[in-house]
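Values below: every heavy atom of this structure, side chains too, minus hydrogens, waters and symmetry copies. Chain letters run A, B, ... following the sequence lines, proteins first, then strands; residues in each count from 1.
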Protein chains: 2
Amino acid sequence: MDTSIVLINAKIYEENQIIPDGFIKIKGMEIKETGWMSKYKADDQSNVIDLQGQVVIPGMIDIHIHGTAGADVMDGEIASLETMVKALPQEGTTAFLATTMTQSDENISKALKNTANFIKNYQKPGQSEILGVHLEGPFVNPSMAGAQPVEYIISPEIPLFEKWQKLAERSIKLVTMAPEQKGGLELIRYLKQNGVVISIGHSDAKFTDVKKGIEAGVTQVTHLFNQMKGLHHREPGVVGAALLLEELYAELIVDGIHVCPEMIQLAYRNKNSEKLILITDSMRAKCLKNGEYDLGGQLVSVKDGMAVLENGALAGSVLKLNDAMKNMLNYCDGCNLADVIKMTSTNPAKQLNISDRKGSIRVGKDADLVVLNSEYDVLMTFCRGVLSYQKKGAF
Amino acid sequence: MDTSIVLINAKIYEENQIIPDGFIKIKGMEIKETGWMSKYKADDQSNVIDLQGQVVIPGMIDIHIHGTAGADVMDGEIASLETMVKALPQEGTTAFLATTMTQSDENISKALKNTANFIKNYQKPGQSEILGVHLEGPFVNPSMAGAQPVEYIISPEIPLFEKWQKLAERSIKLVTMAPEQKGGLELIRYLKQNGVVISIGHSDAKFTDVKKGIEAGVTQVTHLFNQMKGLHHREPGVVGAALLLEELYAELIVDGIHVCPEMIQLAYRNKNSEKLILITDSMRAKCLKNGEYDLGGQLVSVKDGMAVLENGALAGSVLKLNDAMKNMLNYCDGCNLADVIKMTSTNPAKQLNISDRKGSIRVGKDADLVVLNSEYDVLMTFCRGVLSYQKKGAF
């Protein structure tokens, strides 16, 4: 009994074209067929949903997210990940990397084992999919700690990483690290050989350090502008390298708080839609009230969309990915929805080497689909073929 | 007896085209005719110079230069300006703004009177032309003094400027100032009304200050990156404003010392050839040996192309404008000679509102012409129709 779902009368942002008035047929977890409404043939077996001209985009992939709705990856509990995978479809996120923080070996190990267990035994369609782990720290630079607890920052170590990757059952897909730290380049080479994406972050690397990192295997920077060596006219730093070098993708937190709108424009002008990846870097307070919360054992105050440590440093965000999309469109002249889709779906899928099944709307790919209204509010989200969220009153 | 000069067999960078094999006829101070060699008709009245395929570009205009060959504008002496106008054709500079420094009212007044006197009574074809004065300071921000002596920095004052402009016989064409200083916007509005170009420099202005400055009349920034508020991801500063805002031209010192090559690339990528102006900002030690020199009453050590104050701060340059051109071509992928010509001739002429007679090779314009070999060495320079420099052994 495998009934299909058909979304009709939709404006569809397909991989290589926009269908202004089309349909998408979903069967099981996959996109089975797409086309213009003029070619659509109704059948009795399908569950038909009339989207009344609304937009369908590929499900968004958040490669840097710590928590939401009270839960955090570092809780190391199945219930926390359950909370996350159920909450994220609300913002159009159909897949993500469970992102760890700089913490003790014990706490990181616990989070990794828990995530691996979740992926193997709890993951199912109809929820945002955990694609693996983004290990943020502890191999970073103490001078660029930000909200990473300095006391747990350590030098890059291949054996320790190997231990963690084993506990994680090879689910660590991305590592944020500082190449200039002792042992940094060795770890980068090791990660590259083992198919792990390397992103420079929480780093005081000079331009030449970044170049060496790229030679060794780096392909990304973590939350561009935040916690990295800034731009100076005689030392471009990580920021300059990210803006200049085509080899690097750049994560960007577009909440208007971490980076001001003008600097988002500068990033867009220099990296354009091909090399930016929107992330939330959100923590457990997202979707909750203002108040005090925990982040990696540290007290965080959340007020009016801003999460700060006691020392005033920004401590992740409470940003939703569809709001990042809206902000991006607001801040950047000449940036349209097709461009932003690259930054929220296509590019992260490319970086994680899963473009065969995610990152765009195409027959044969996972039916990860988001229906938006003209204000870019999420009306419906399908995770691998299953309706996972529907805004009250929509359709 | 007004014989013509004809340059033949030249690759000519005309205003709107490149003639691969052409001729230029000069009569008096003007370009009389240009064309393809196939259309060239020899006549007996002309002095013919066969350029053997070398390149002819429009004379370069240096809008920011303090001195060269031992002389400085602040000397306030006719002999110093004589030295400058005779030395500059060696580097292809056929016109320039005599640039003053932050100094006492007395010293600035002396330099302005002297320059006005020179322009009126000593200026002649066959020498680099003084187009007027660039008043750099004293209306700048003490926190961004650089090599401007802090003790003479004062708040913007319209009456004082009026006094100076009168002494200068209206030859002040450009003012480098800090809009965020008390009275800054008032002075900007006054300058704009009076046809003076306003450039933000030695300034700690925030992005919003720059925007206000632009509304009041600012159209330029002085030596981009040097002595201005840098880029921060929550405060773009003057650097961010310069990179982002199309309203602003940006001066750039391309000696590889003031700004590193990667940052020159970043500037080129964001401002492109339409909005950059190459300058030298050179001081008296240019063309002289390493040693110790004076700059506005301060001791400057010059060694290996670098001029520094006793506190280590950069104190102008010893850069030649044709070397700036070479460096620009070396540092920036996709930047060609036609692009650099805009930055050394066309754009400064536009800024100074003298495109009717300078800034490109076109019939009717001043015969300010530079002949370059394939290494961009200057072989010959014509200043308003008169051969002013010829490299030994060339032609």
Side-chain angles (χ1 to χ4, degrees), chain A residues 144 146 205-211 214 221-246 248 250-272 275 306 308 312-314 331-334, chain B residues 144 146 205-211 214 221-246 248 250-272 275 306 308 312-314 331-334:
Chain A
M144 291 288 173
K206 293 179 183 169
F207 190 82
T208 52
D209 296 322
V210 178
K211 294 275 273 187
I214 290 171
V221 300
T222 297
H223 40 53
L224 174 61
F225 297 122
N226 298 113
Q227 299 304 331
M228 55 177 59
K229 193 179 198 67
L231 200 73
H232 182 274
H233 43 287
R234 290 189 282 276
E235 173 46 66
V238 184
V239 168
L243 293 178
L244 278 168
L245 302 177
E246 282 178 22
L248 296 172
E251 295 182 359
L252 199 54
I253 308 174
V254 189
D255 61 356
I257 293 166
H258 281 72
V259 179
C260 69
E262 292 81 11
M263 294 298 289
I264 298 289
Q265 285 173 36
L266 191 74
Y268 181 61
R269 191 190 287 187
N270 285 275
K271 297 304 287 178
N272 74 55
K275 290 289 176 177
M306 208 156 154
V308 290
L314 285 176
Y331 297 162
C332 298
D333 290 343
Chain B
M144 292 287 173
K206 294 179 182 168
F207 190 81
T208 52
D209 296 323
V210 178
K211 294 274 273 187
I214 290 171
V221 301
T222 297
H223 41 54
L224 175 61
F225 297 121
N226 299 111
Q227 299 303 331
M228 54 176 58
K229 193 178 198 70
L231 199 73
H232 182 274
H233 43 289
R234 290 190 283 275
E235 174 45 67
V238 184
V239 168
L243 293 178
L244 278 167
L245 302 177
E246 283 178 21
L248 296 172
E251 295 182 359
L252 200 55
I253 308 174
V254 189
D255 61 356
I257 294 166
H258 282 73
V259 179
C260 69
E262 293 81 11
M263 294 298 289
I264 298 289
Q265 284 174 37
L266 192 74
Y268 181 61
R269 190 189 287 187
N270 285 275
K271 297 305 287 179
N272 74 55
K275 290 289 177 178
M306 208 155 156
V308 289
L314 285 175
Y331 297 162
C332 298
D333 291 341

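Options A:Glu235, A:His232, A:Glu262 differ in how many heavy-atom pairs under 4.5 Å they form with chain B, and the most are formed by A:Glu262. Contact tally against chain A (heavy-atom pairs below 4.5 Å) for B:Cys260, B:Ala267, B:Gly240: the top residue is B:Cys260. Comparing B:Leu244, B:Val259, B:Leu224, B:Asn226 by how many heavy-atom pairs each has under 4.5 Å with chain A, the most go to B:Leu244.
Considering CG of A:Leu231 and NE2 of B:His233, their distance stands at 12.0 Å, rounded to 0.5 Å. A:Leu243 contributes atom CG, which lies 8.5 Å from atom CE of B:Met263 (distance to the nearest 0.5 angstrom).
Contacts of residues 250-258 of chain A with chain B at a heavy-atom distance below 4.5 Å involve A:Ile257, A:His258, listed in sequence order.
For B:Arg269, the part lying near chain A is the side chain, with the backbone staying farther off; criterion is any non-hydrogen pair under 4.5 Å.
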